[in-house]
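Reading through the structure tokens given below for one structure.
Predicted, not measured: the structure shown is a model, and the values here were computed from it. Just so it is clear: chains get the letters A, B, ... in the order the sequence lines come, proteins before strands, and each one is counted from 1. All heavy atoms count here, side chains included; hydrogens, waters and symmetry mates do not.
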Amino acid sequence: MPAFAASELAARFGLELRGEDRKVSGVGTLADAAPAQLSFLANPRYRAQLAQTRAGVVVVREADADARDGTALVARDPYVAFARISALFERKPARPAGIHPTAAVDPEAHVDPAASVGPHVSIGARSRIHAGAVVGPGCVIGEDCEVGEDCELQARVTLLTRVRLGKRVRILPGAVLGGAGFGLAMESGRWINVPQLGGVVVGDDCEIGANTTIDRGALEDTVLEEDVRLDNQIQIGHNVRIGAHTAMAGCSAVAGSARIGRHCLIGGAAGILGHLEICDRVVITAMSLVTHSIREPGEYSSGTPLMDNRSWRKSAARFKQLDRIARRSPDGGKDNE
Amino acid sequence: MPAFAASELAARFGLELRGEDRKVSGVGTLADAAPAQLSFLANPRYRAQLAQTRAGVVVVREADADARDGTALVARDPYVAFARISALFERKPARPAGIHPTAAVDPEAHVDPAASVGPHVSIGARSRIHAGAVVGPGCVIGEDCEVGEDCELQARVTLLTRVRLGKRVRILPGAVLGGAGFGLAMESGRWINVPQLGGVVVGDDCEIGANTTIDRGALEDTVLEEDVRLDNQIQIGHNVRIGAHTAMAGCSAVAGSARIGRHCLIGGAAGILGHLEICDRVVITAMSLVTHSIREPGEYSSGTPLMDNRSWRKSAARFKQLDRIARRSPDGGKDNE
Amino acid sequence: MPAFAASELAARFGLELRGEDRKVSGVGTLADAAPAQLSFLANPRYRAQLAQTRAGVVVVREADADARDGTALVARDPYVAFARISALFERKPARPAGIHPTAAVDPEAHVDPAASVGPHVSIGARSRIHAGAVVGPGCVIGEDCEVGEDCELQARVTLLTRVRLGKRVRILPGAVLGGAGFGLAMESGRWINVPQLGGVVVGDDCEIGANTTIDRGALEDTVLEEDVRLDNQIQIGHNVRIGAHTAMAGCSAVAGSARIGRHCLIGGAAGILGHLEICDRVVITAMSLVTHSIREPGEYSSGTPLMDNRSWRKSAARFKQLDRIARRSPDGGKDNE
């Protein structure tokens, strides 16, 4: 286990050291950290714990520094500083360069000698794996794909066809990129498939969660701009475009051809219908359904509040009568657009 | 890249050629197609693009043909015709017949010599893979399964046990069929599993999306009739039956023993409770929850519209008071069923 | 196919035999069981079928025994008794002890000689597989994991890092445990990852559904207590704790650091926001969103009822005006909290 002096961390991350210098060999919460560990205070809710914590070093913002009786590192953003520091204690699995003997690599594929291809991996024709990339156990890379420098496909990731990843893209297990989107046409009462001839383009520094699915485009590409962060079990339809630095929480879904702006936050299990446009800096709360384009930054919601089931049943029954109730109200419901 | 004359396409797909004959070697949107490409106009919203498009050939319906100044192919349904034509330009990966040397096939399994079994595939006892079927890299086929003629299991598909696929079934990566459904009984405060002794039967021409899950039946089978189309990340509970030609969009879910009719359209992330019946030709809009059986064809919805969060909070607070508000309305809320 | 006398079943499971002794060699529903099969009546809705059933033996509760004209086994809880009996007819795949030659096991991993490791499995450094455990085809076990005695990882399961399973845990295909949770901090307009240094702890007798994802903790562990039952496609965020004997239905999701009590039932596609606490014995109905902590046992709901789309549009439009409607009601909406 590595150990670092508080003074060393201050110098490395541009923080101010207050109190005596101390060594720490790990990190923990204010409530649980041991004296040889470092902790942090970001959320004011936990301020009361500052007096009790056994942590040897605490990262705080200036305003909280006086309340800390012991070694402190003062940061403009303690959570960011903590993230940087705790990365020093992260134990990453070794992923040696080279191709595992059990991998099946197409003769027309190209794997950089400085890439790591794990056990039971398949790589299809004309796909390229660049230097520093890790293709973990059980991944399947189809045809015409590109895995950029220093990408990490952790395990059991599938890139089906025409998927191009930028640099430092991290993909968690079970994700599927480049599947044929849900492109269907009805002919004489039966479905026929509309060929999906596009691909998926993923910008630098994106992250894609476990079991998330991203369909390839029909004619053009499905696109994630740089630094897009997708949590687990998200569904992205064909020809969607997601702007840089947008983050989507688990189980959210975007239907085909929708465009989402930059710096948006999409809550868990939220849904966005197809062909809509959402401008930059929009926040959608959890489980909301976006049914029309959004042109103003801000926070948007749908749904009803949680209630005890008995009361909810009464409100739900009245919801069905809402139009009638409104019409009988003193002004006759004249505002019904 | 193959190239086709417009006259050739007209003959092949029963279309009418207008204007001079031209060769095309690809397809594109009206906005982006090059002169050597073919495009189509199906959605009237894009009609204005007909005058500007550089596409060499455009598939249009009769009513739009006059607005096309250049080579046109006239079709009753331009989208269907386009789907057929663009399939000519789809580059499919070669899947040679035979069993990849890394595959693990049980001695009691049967693989037709004209089937293709990819790298790192497992096939369990008494399972049968028929002629023309493709079992892609990393698939796991358990015991007593059947993969019909010309099926395509693209990669990392699991058929757990007693899963029987008809002909031409296409399954995208990560799908899991035949898992034990959520069959539980409570005994003295602890859960016990109710054995799931049924299987899954999937009709001809069905398609099953990436990371979709279909549980096997408890005593009888879970059934998808022919030409059912399931998008990504759908959950189908045990003993569900889905009628022919029904399509379900991504992230929708059907609880155990529900029966869905033929030619239904289930919107994204919609939910259907267990033991319900939905008749033929029902449309459920996205994120709606079906809580009772539906006996009339038509469109059904639940939920509330998207609002800015501040306004939404006011409506949501009032939703809780709805019964009281209704009782105080001029007629005393007498319609409360 | 094994066969059992009704008297044998009565002795084995503590049931009372009524009528003549008979042998059965399988199980079925009341409607479909053959004379050589056993069935059961638990749901009073099916009581009328008791007179018509061809089943040779029927498990019933005392109150229904008189209505059965033929061999009956009387049980306090017929569904539990049926679950026990039908397990006798379940054909389980053989999983011989030992390591399949295609598996890739790190030299620093430990696999008990009485464990079964299937084809195309990877096991990382410092992971331990205990006696009786089954690691099915295509599973990926990362570093520092523990698979307890008699666990069953059916196929294509991923335990990424620091995942510790108790005894008899069953995990269905495609599940991913131990992925880095969605821990992000924003620095100068770009996301940075907050290292996720905790693990996942899963208690004895838990079950985890297909394609379900459970993130590892940030500093402490994500915890499932004993006998927790998770259906398919569930998402559990980092640092969540779920109490013993709680069951969650398919597609539900729990955001980071939420705590759920014991003996709770969470409906399908329900969502629980982060950092909330839910006490013991709470029921959440399907597709509800839990937005605040729950301190009283009981049933809770959100959402609106299903309506035909035309009527729903009217109610939805009025929902937007609810605050105004309430203010104009006879008492001026004075109850608006």
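- Comparing B/L230, B/L172, B/N232 by how many heavy-atom pairs each has under 4.5 Å with chain A, the most go to B/N232.
- For chain A, the nearby part of B/R156 is the side chain; its heavy atoms alone come within less than 4.5 Å.
- Between A/C139 and A/V135, the shortest heavy-atom distance links the atoms CB-CG1, 3.6 Å.
- Interface check for chain B: of the options A/S288, A/G189, A/A316, the most heavy-atom pairs under 4.5 Å are formed by A/G189.
- Of the charged side-chain nitrogens involved, at least one lies within less than 4.0 Å of a carboxylate oxygen, so that A/R126 and A/D144 count as a salt-bridged pair.
- Of the two parts of B/D77, only the side chain, counted from C-beta on, holds a non-hydrogen atom closer than 4.5 Å to a non-hydrogen atom of chain A.
- Taken from NE2 in A/H120 to OG1 in A/T102, the straight-line distance is 4.0 Å, to the nearest 0.5 Å.
- For B/R170, the part lying under 4.5 angstrom from a heavy atom of chain A is the side chain only.
- Your options are B/R84, B/Q154, B/E207, and the one with the most heavy-atom pairs under 4.5 Å with chain A is B/R84.
- Counting heavy-atom pairs closer than 4.5 Å to chain B, the top residue among A/M186, A/E220, A/H292, A/Q196 is A/E220.
- In terms of heavy-atom pairs under 4.5 angstrom with chain B, the leader among A/E143, A/R190, A/M307, A/E296 is A/R190.
- Contacts between A/D215 and chain B at a heavy-atom distance below 4.5 Å involve the side chain alone, from C-beta outward.
- The candidate from B/D308, B/L322, B/T304, B/L306 with the greatest count of non-hydrogen atom pairs under 4.5 Å with chain A is B/L306.
- At a threshold of 4.0 Å, the pair B/R168-B/D205 counts as salt-bridged, since one of the basic side-chain nitrogens sits closer than that to a carboxylate oxygen.
- Across B/I266 and B/S252, no two heavy atoms sit closer than the pair CG2-CB, 4.2 Å.
- Heavy atoms of A/V140 lying under 4.5 Å from chain B belong exclusively to its side chain.
- Of the two parts of A/V157, only the backbone, made up of N, CA, C and O, holds a non-hydrogen atom closer than 4.5 Å to a non-hydrogen atom of chain B.
- Contacts of A/A269 with chain B are made by backbone atoms alone, with heavy-atom separations under 4.5 Å and no side-chain atom involved.
- Ion pairing between B/D323 and A/R318 holds under the 4.0 Å rule for side-chain N and carboxylate O.
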Derivation and outcome, side chain to side chain donor-acceptor pair (under 3.5 Å), residues A/N193 and B/R229: CA-CA 10 Å; A/N193 285 329; B/R229 304 299 179 117; 2.7 Å; yes
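- Judged purely by atom type and a 3.5 angstrom limit, B/T158 has no side-chain atom pairing as donor or acceptor with the backbone of B/V176.
- Using a 4.5 Å cut-off between heavy atoms, B/A155 touches chain A through its side chain atoms alone.
- If you tally non-hydrogen atom pairs under 4.5 Å between each of A/V283, A/I294, A/T212, A/L184 and chain B, the highest count goes to A/L184.
- Distance check, rounded to the nearest 0.5 Å: CG of A/N239 to NE2 of A/H275 gives 8.0 Å.
- Between the side chains of B/D227 and B/H245, at least one donor-acceptor pair of N or O atoms lies under 3.5 Å.
- At a 4.5 Å heavy-atom cutoff, A/A125 makes no contact with chain B through either its backbone or its side chain.
- Heavy-atom pairs under 4.5 Å with chain B peak, among A/S301, A/G183, A/A185, at A/S301.
- Atoms CH2 and SG, from A/W191 and B/C206 in turn, are 13.0 Å apart once rounded to the nearest 0.5 Å.
- Among the candidates A/L273, A/T291, A/V290, the residue making the largest number of heavy-atom pairs closer than 4.5 Å to chain B is A/V290.
- With a threshold of 4.5 angstrom between heavy atoms, A/I234 approaches chain B through N, CA, C or O but not through any side-chain atom.
- Not one N or O on the side chain of B/S25 forms a donor-acceptor pair closer than 3.5 Å with the backbone of B/P2.
- Using a 4.5 Å cut-off between heavy atoms, B/P305 contacts chain A through its backbone alone, with no side-chain atom that close.
- Of the inter-residue distances, the one linking B/T29 atom OG1 with B/L41 atom CG reads 12.0 Å to the nearest 0.5 angstrom.
- The candidate with the highest count of non-hydrogen atom pairs below 4.5 Å against chain A, out of B/E226, B/R310, B/R313, B/H100, is B/E226.
- Between atom CD1 of residue A/I141 and atom CG of residue A/D106 there is a gap of 12.5 Å, rounded to the nearest 0.5 Å.
- For A/S311, no part lies near chain B; criterion is any non-hydrogen pair under 4.5 Å.
- For B/T246, the part lying under 4.5 angstrom from a heavy atom of chain A is the backbone only.
- Heavy-atom distances place the side chain of A/L197, and not its backbone, under 4.5 Å from chain B.
- With respect to chain A, the highest number of heavy-atom pairs below 4.5 Å among B/G268, B/C251, B/S315, B/A247 belongs to B/A247.
- Expressed to the nearest 0.5 Å, how far CZ of A/R241 lies from OG of A/S257 amounts to 12.5 Å.
- If you measure heavy-atom distances from B/Q233 to chain A, the contacts under 4.5 Å come from the side chain alone.
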